[in-house]
Student: 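Submitted below is the structure of interest, expressed as structure tokens.
Atom set for the values below is all heavy atoms of this structure, side chains included, hydrogens, waters and symmetry mates excluded. Convention: sequence-line order gives letters A, B, ...; per-chain numbering from 1.
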Amino acid sequence: MEADDAVDNSRPKKRRRVEKGDANEAIVIESSTESEPESLSSPRSNLIGTTRPNPPAINLSLTPELPPAPEYDDFTGDSIKVLTLEWYLDSVKAGVLLPTKNYVVFEGRITGKPNPLIQSPRKILRRENLISQAKGDTPPRGQPLYKHGPRWAISKSPAQPPRLMHQTSSEHDRAVALPPLPPSLCSIYSCQRSTPAQSPNADFIAQLYIIKHARKLDRDDRGISALAYSKAIASIQAYPYTLTSPEEVARLPNCAERYAEIFQEWKETGRVQEVQQIETDERMKSLTEFYEIYDVAEKTARQFYARGWRDLDDVISQGWDTLTPNQQIGVKFYDDFKEKIPRDEVERIAAIVLRYANQVREGFHMVIVGGYRKGKTMCGDVDVILSHPDEDATDHVVEQIVWNLAEDQWITHRLTVSTANSERGQQTINWRGGMSKTRGRGFCTLDKALVVWQDAELAKNPDPGRRNPRRRVDIILSPWKTAGCAVLGWSGGTMFERDLRKYCRNVKGVKFDSTGVRRLSDGTWLDLEKGANDLLEKEKKVFEGLGLEWRDPEERCTG
DNA sequence: GCCT
DNA sequence: CAGTACG
DNA sequence: AGGCCGATACTG
């Protein structure tokens with residue numbers, strides 16, 4: 001291999017070069033050893049993973065509410081607790097009375113303010129619901145059934161009433177009756193909502209996104225401020241109606257005063273002052289350019305700026321040697337990595353990966369996850385999950401696959417490779433009761449390689465008229481037992497995934513990550529995927545096992 | 001910035 | 001250790 | 001007032 005990709009420690013010629021050269025020695029994938037017998041021929045039919053075999057097997061065992069949820073002595077106590085609305089909703093959802101630990105508003109004494117006239121509209125609403133529901137009332141409902149919440153429609157759950165009018169008479173009489181809040185927005189967990197990519201409020205969301213982005217770059221608060229915006233955006237993204245008033249905004253989860261304000265300004269003036277400023281801010285422009293380099297995030301971007309650099313050319317000419325190897329790759333392929341990848345190319349790349357996997361060992365299953373699975377027409381990268389029904393088949397396979405792909409020039413660089421799971425023998429062990437904290441031991445992770453991809457055919461027969469853009473490809477090897485968790489963990493937007501973890505922890509008393517589900521109490525592993533015969537079926541089982549209603553990947557677009 |  | 005990346 | 005996903009995992 002090599003030729004085109006010979007070691008090249010030189011900086012790219014200022015003006016971002018596409019093509020050519022490696023960042024430096026660290027990135028070349030050495031390949032020698034004899035090549036594998038070219039036994040191509042790829043019979044695999046479970047190819048693209050978008051296969052919708054849709055096993056009607058609903059599995060009746062969704063009843064045994066999995067983790068006996070810790071502490072049920074909750075309800076035997078003699079203290080009086082006021083719980084949040086979420087506790088009620090979550091409990092309804094879960095079908096059992098959940099531990100109250102994470103939902104207690106007040107304990108011991110009831111600080112109930114039966115007449116909350118102070119506070120924002122939304123807070124009032126929340127309290128009212130909370131109080132009435134804590135008393136066991138069935139809140140007013142009479143909502144029609146919504147397409148977005150079949151679950152709620154059929155459940156006896158109190159279809160969420162929050163309307164403005166609930167407020168004590170006066171003030172908001174004129175508040176037009178808002179469209180009923182889709183019941184799913186009742187949940188604070190975005191993994192319980194339908195969040196499609198399309199939104200009637202896309203323009204408003206775009207404003208929020210700009211502010212969020214600016215917060216991330218120019219504020220040193222560990223991304224907390226930006227996180228708030230991400231949560232708000234995720235809520236609005238799930239709202240199926242065009243927003244018309246600040247109040248309508250403020251009743252959504254994670255959207256309070258600040259967002260009502262922004263909305264009002266946007267509604268009234270057609271723009272948002274802060275956004276305007278951001279858009280004309282030269283510093284933001286520089287920071288953004290830096291931030292878009294792979295392996296450069298907000299800290300490094302600010303650092304670059306502080307050194308007096310203002311654009312990519314400055315980075316290359318003044319700082320090349322200070323860049324990490326990965327950052328150098330990021331700079332070299334700056335334009336390529338920003339370029340989106342059409343779905344058919346994603347499929348082509350994935351098929352090649354699968355072919356090489358099956359060359360190492362027959363019988364791999366694959367699902368394309370990431371943006372592709374969420375339905376994006378243009379993807380930022382390619383993410384595939386590979387798994388094999390044979391227990392031991394995923395051991396060290398990543399290295400093998402990556403090696404072979406590199407040898408054939410599909411892969412030109414590796415950004416990261418992890419083999420932690422293989423090293424350990426892929427046991428799904430518990431982390432408590434064993435040695436846990438110790439990094440690198442006692443834990444279970446996925447084998448994974450993040451690599452830089454090119455079209456090998458084109459590389460071998462260059463066509464002057466055709467570019468060969470580099471792509472980032474994430475190859476994930478999952479043990480079969482928990483492959484459904486891997487698929488689930490890689491098929492949602494960031495907020496969906498974070499909320500999924502939070503939901504599991506707070507509501508189900510388990511820890512979820514892409515390597516499996518474990519009891520919080522003792523760390524023992526829970527097998528939620530028993531009996532499933534393919535990756536998508538396994539993912540469905542994980543939903544069931546977690547007490548979650550199924551969401552199509554296209555409805556996990558929380559950003 | 002919102003929630004508890 | 002801090003910083004970054006992944007969804 | 002204190003938390004915000006992962007007792008992430010990797011890199012340097």
Side-chain angles (χ1 to χ4, degrees), chain A residues 26 82-87 101-107 120 122-123 126 130 188 191 208 211-212 215 219 221-232 235 250 252-259 261-262 291 293-303 323-327 330 369-371 373-374 380-381 383 385 414-421 430-432 434-440 442-450 472 474 476 486-506 511-515 518 520 523 553 556 558-559:
Chain A
V82 179
L83 306 177
T84 63
L85 172 58
E86 281 70 35
W87 171 79
K101 188 178 85 181
N102 299 290
Y103 301 89
V104 174
V105 175
F106 300 115
E107 183 167 5
S120 71
R122 188 157 130 283
K123 291 203 168 146
R126 287 267 165 101
L130 177 163
I188 58 170
C191 56
L208 296 181
I211 300 177
K212 172 194 125 178
R215 286 281 193 282
R219 212 175 263 208
D221 62 355
R222 292 185 310 167
I224 297 304
S225 179
L227 174 60
Y229 280 84
S230 296
K231 290 175 175 175
S235 293
L252 303 177
N254 301 303
C255 301
E257 289 86 0
R258 179 65 184 131
Y259 299 97
E261 279 173 26
I262 298 174
Y291 185 74
I293 302 169
Y294 178 85
D295 207 34
V296 171
E298 65 269 21
K299 308 269 187 184
T300 309
R302 284 195 287 264
Q303 192 182 319
L323 301 179
T324 70
N326 277 358
Q327 286 166 348
V369 288
R373 186 146 186 262
K374 284 184 285 178
D381 62 4
D383 305 282
I385 291 181
R414 63 173 74 188
L415 294 166
T416 67
V417 176
S418 94
T419 58
N421 193 40
N430 46 323
W431 75 96
R432 300 176 50 155
M435 52 241 61
S436 43
K437 322 219 162 195
T438 18
R439 201 184 109 107
F443 231 81
C444 198
T445 166
L446 300 176
D447 284 357
K448 167 174 136 73
L450 182 50
R472 287 183 307 134
D474 222 340
I476 298 139
V487 171
L488 175 53
W490 251 279
S491 299
T494 301
M495 281 306 138
F496 179 95
E497 298 295 341
R498 293 177 76 147
D499 282 348
L500 177 60
R501 285 158 169 69
K502 193 194 302 198
Y503 164 86
C504 286
R505 191 161 31 75
N506 293 345
K511 178 181 93 74
F512 171 89
D513 66 38
S514 54
T515 67
R518 294 165 181 79
L520 265 186
R556 307 176 200 168
T558 55

Student: Round to the nearest Å and state the distance from A/N326 atom CG to C/dA5 atom C1'.
Tutor: 10 Å

Student: Treating a pair as Watson-Crick (purine N1 to pyrimidine N3 plus N6-O4 or O6-N4) or G-U wobble (N1-O2 and O6-N3) with both distances under 3.5 Å, list the stems of 3 or more consecutive pairs that involve DNA chain C.
Tutor: C:1-5 with D:8-12

Student: If you compare every side-chain N and O of A/R501 against the phosphate oxygens of D/dG6 (OP1, OP2), does one of them come in below 4.0 Å?
Tutor: no

Student: Could I get the full list of side chain to side chain donor-acceptor pair (under 3.5 Å) partners for A/D381, not counting sequence neighbours?
Tutor: none

Student: Can you check the A/I224 CD1 to B/dC2 C1' distance for me, whole Å?
Tutor: 11 Å

Student: Nearest whole angstrom, please: distance from the C1' of B/dG1 to the CG of A/D221.
Tutor: 10 Å

Student: List the residues meeting salt bridge (charged side-chain N to carboxylate O under 4.0 Å, His left out) with A/K231, not counting sequence neighbours, and say none if there are none.
Tutor: none

Student: May I ask you to check whether A/F512 and A/Y503 place their ring centers less than 6.0 Å from one another?
Tutor: no

Student: Determine the Euclidean distance between corresponding P atoms of D/dC4 and C/dG7; express it in Å to zero decimal places.
Tutor: 23 Å

Student: Whole angstrom is fine here: how far is it from CH2 in A/W490 over to P in D/dT8?
Tutor: 14 Å

Student: With a 4.0 Å cutoff (strictly under), does any side-chain N or O of A/R222 reach OP1 or OP2 of C/dG3?
Tutor: no

Student: Among all residues two or more places apart in sequence or in another chain, which pass the side chain to side chain donor-acceptor pair (under 3.5 Å) test with A/D383?
Tutor: none

Student: Partners of A/D295 by salt bridge (charged side-chain N to carboxylate O under 4.0 Å, His left out), sequence neighbours excluded?
Tutor: none

Student: Residues in side chain to side chain donor-acceptor pair (under 3.5 Å) with A/S225, at least two apart?
Tutor: A/R215

Student: Please report the distance, rounded to the nearest Å, between NZ in A/K299 and P in C/dA5.
Tutor: 13 Å

Student: For a quick test of reading the model: is some side-chain N or O of A/R472 closer than 4.0 Å to OP1 or OP2 of C/dC6?
Tutor: yes

Student: Salt-bridge test for A/K448 and A/D474: reply yes if a basic N is under 4.0 Å from a carboxylate O, no otherwise.
Tutor: yes

Student: Would you please confirm or rule out a distance under 4.0 Å between OP1 or OP2 of D/dC10 and any side-chain N or O of A/S418?
Tutor: yes

Student: Round to the nearest Å and state the distance from A/Y503 atom OH to D/dG6 atom P.
Tutor: 15 Å

Student: Starting at NZ of A/K448 and ending at P of C/dG7, how long is that distance when rounded to a whole Å?
Tutor: 7 Å

